[in-house]
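Contents: one structure, followed by commentary.
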Amino acid sequence: MRRAFISPAKYVQGEDELLNLGYYVKTFGDSALLIAHPDDVARVKEKLDATATKFNITFVESDFQGECSRLEVARLQAIAKEHRCACTIGLGGGKAIDTAKCVAEGEALIIVPTIVATDAPTSHSAVLYTPEGAFDDYAYFKQSPSVVMIDTTVIANAPTRFLIAGMGDAISTYFEARATARSYSNVNAGLPNGVREGICGDAKGTKTALALAKLCYEMLLEDGLKAKLSCDRNVVTPALENIVEANILLSGLGFESGGLAAAHAIHNGLTSLEGTHGYYHGEKVAFSTIAQLVLENADQDEIDEVLSFCASVGLPICLADLGVDSISDEELQEVAKKACIPEESIHSMPFPITEEAVAAAIMVADQIGREFKMNKEA
């Protein structure tokens, strides 16, 4: 059996960590292409100027257009070549980070998230879109970022909803990795582009990845609420530091090397419902995790634990929490159909999957969530 594990070369987080960014740029050379939305640059401009001066490096600003498209990637690669940039920095949210991954193509890449809403920063994959914002393709690179750096002071001053959404993405990590391990399914760490490279792309997860995924879940339960309250107050506490680590590092390594299963596939199905469009990825994943637990007939104590956690930090636990007050049979069937397409991760569950079973799990999860809320309010 072939197993695989992938991770960044270095992960570092801490208060005012952006002041050390120039040190990591210096390990590659004297200049870096900075891919970031102007608003994100403005938020941290003082620290960028300070680290550039301290380490005598230059940030080449790129006027990032906001979409991770092939056209934008080609434009930015030309700028990097023109200015002979020694490395690439992706600073900000998911689009800037994914664009930086595509520009760097697995070489000399520094990722600096300014929000912790998903677990994507540590991964060796990105999502490409058309210039109009429609899905284009997935991209995979030969290795993960060289450095993932998180300034927790910046995170503490970002809207709390981003932190909560990151916890929603992270809450699925253990349950999806557990299902993948039970079914001996392949994981993303096994080089999905291996066929093009002439290398076998099939690989199972490691026990290390499963252990990290479990630790992620345990840390969420222990420190999630305290971290939320810290972010509400815009202060850094040990709990906030722990949840940043859980949202980014543990969940990132857990999903990529441990595997995805039903929760993320059901999330993808839910995107067909117009009401969900105003909600973040992690918010939809939180409810989808409850649906996965129903699908696999998990212990009621485990389901109650997840429900209690989600409710305590403000994550959705029923469809109404995602803007879906009612759902027709046709809409439900469309969600289930989209979740069950052949290439979806739901087939990593350790039993056969049918659209009917997925639809039933979503409806029962919705009812469980509604009843939990009513009992809590009573």
Side-chain angles (χ1 to χ4, degrees), residues 3-11 35 67-70 72-73 76-77 88-113 115-130 133-148 166 169-170 172-173 176-177 180 185-197 199-206 209 212-213 216 247-261 263-265 267-268 271 281-282 285 341 343-348:
R3 301 188 183 198
F5 183 90
I6 191 169
S7 68
K10 181 179 286 290
Y11 175 91
I35 299 174
E67 193 58 78
C68 183
S69 67
R70 296 176 191 271
E72 179 69 348
V73 168
L76 293 171
Q77 286 176 329
T88 303
I89 299 171
L91 183 149
K95 293 296 180 75
I97 288 171
D98 275 4
T99 302
K101 290 178 183 179
C102 293
V103 170
E105 296 182 335
E107 296 284 356
L109 174 62
I110 302 173
I111 297 296
V112 186
I115 57 174
V116 291
T118 75
D119 52 17
T122 64
S123 78
H124 76 312
S125 61
V127 183
L128 282 159
Y129 296 86
T130 67
F135 173 78
D136 181 357
D137 198 4
Y138 294 105
Y140 296 90
F141 307 101
K142 64 181 181 180
Q143 59 192 13
S144 298
S146 306
V147 180
V148 175
D169 200 16
S172 73
T173 306
E176 293 191 278
T180 300
S185 296
N186 293 328
V187 298
N188 283 353
L191 295 176
N193 59 343
V195 175
R196 293 195 295 272
E197 298 177 359
I199 302 171
C200 174
D202 291 344
K204 315 306 176 186
T206 60
L212 292 174
C216 176
N247 283 10
I248 299 295
L249 182 62
L250 294 177
S251 186
L253 300 182
F255 98 79
E256 190 163 44
S257 294
L260 298 175
H264 271 76
H267 159 278
N268 293 342
T271 61
H281 170 83
V285 170
I341 60 175
E343 58 268 31
E344 264 296 357
S345 59
I346 200 165
H347 302 292
S348 291

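Bear in mind the structure is a predicted one, so any value in this text is a computation, not a measurement. Worth knowing before you read on, the calculation uses all heavy atoms, side chains too, and leaves out hydrogens, waters and symmetry mates.
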Checklist line | Qualifying residues under side chain to side chain donor-acceptor pair (under 3.5 Å), relative to Tyr129, sequence neighbours excluded | finding: none

Notebook entry, point to check: Given side chains that start at C-beta, do those of Ser172 and Phe255 come closer than 4.5 Å, heavy atoms only?
Noted result: no

Item checked: OG1 on Thr99 to CD on Glu72, rounded to 0.5 Å -> 6.5 Å

Item checked: Sub-4.5 Å side-chain heavy-atom contact between Glu67 and Thr130 -> no

Notebook entry, point to check: Would a distance-only check, ignoring hydrogens and angles, find a side-chain to backbone donor-acceptor pair under 3.5 Å from Asp169 to Asp119?
Noted result: yes

Check: Can any side-chain N or O of His264 pair as donor or acceptor with the backbone N or O of Glu176 at less than 3.5 Å?
Finding: no

Item checked: Flag, side chain of Asp98 to backbone of Val127, donor-acceptor distance under 3.5 Å -> yes

Notebook entry, point to check: Considering residues at least two apart in sequence or located in another chain, which fulfil the side-chain contact (heavy atoms from CB on, under 4.5 Å) criterion with Thr180?
Noted result: Ser185, Val187, Ala261, Ser348

Checklist line | Test side chain to side chain donor-acceptor pair (under 3.5 Å) applied to Glu256 - qualifying residues, sequence neighbours left out | finding: His124

Item checked: Contacts of Gln143 that satisfy side-chain contact (heavy atoms from CB on, under 4.5 Å) - sequence neighbours left out -> Glu107

Note to self: For Gly254, is there any backbone N or O sitting under 3.5 Å from a side-chain donor or acceptor partner on Ser257?
What the structure shows: no

Next item on the list: Quick one: list whatever passes salt bridge (Lys or Arg N to Asp or Glu O under 4.0 Å) with Glu105, sequence neighbours left out.
Entry: none

Next item on the list: Please identify each residue that fulfils side-chain contact (heavy atoms from CB on, under 4.5 Å) with Pro121, with sequence neighbours left out.
Entry: Ile97, Ile111, Pro113, Thr118, Val148, Ile248

Item checked: salt bridge (Lys or Arg N to Asp or Glu O under 4.0 Å) involving Lys204 - partner list, sequence neighbours excluded -> none

Checklist line | Pairing residues for Ser146 by the side chain to side chain donor-acceptor pair (under 3.5 Å) criterion, not counting sequence neighbours | finding: none

Notebook entry, point to check: What's the verdict on side-chain hydrogen bond (donor to acceptor under 3.5 Å, both in side chains) for Thr88 and Lys101, showing C-alpha distance, side-chain angles and the deciding distance?
Noted result: CA-CA 8 Å; Thr88 303; Lys101 290 178 183 179; over 6 Å; no

Margin query: To the nearest 0.5 Å, what is the distance between OG on Ser123 and CG on Asn188?
Written below: 8.5 Å

Check: Residues in side chain to side chain donor-acceptor pair (under 3.5 Å) with Arg3, at least two apart?
Finding: none

Check: What are the two closest non-hydrogen atoms of Asn247 and Ala170, and how far apart are they?
Finding: OD1-CB, 3.9 Å

Next item on the list: State which residues pass side-chain contact (heavy atoms from CB on, under 4.5 Å) with Ser7; sequence neighbours excluded, sorted by chain then number.
Entry: Phe5, Leu253

Next item on the list: Could you pull out all residues at least two apart from Glu344 that satisfy salt bridge (Lys or Arg N to Asp or Glu O under 4.0 Å)?
Entry: none

Next item on the list: Would you give the length of the straight line joining atom CD1 of Ile341 to atom CG of Asn268, rounded to the nearest 0.5 angstrom?
Entry: 7.5 Å

Notebook entry, point to check: Is there side-chain contact between Leu91 and Ile35, with at least one heavy-atom pair below 4.5 Å?
Noted result: no

Check: Is there side-chain contact between Cys102 and Cys68, with heavy atoms separated by less than 4.5 Å?
Finding: yes

Margin query: Run Leu250 and Thr173 through side-chain contact (heavy atoms from CB on, under 4.5 Å) and show every step you take.
Written below: CA-CA 9 Å; Leu250 294 177; Thr173 306; over 6 Å; no

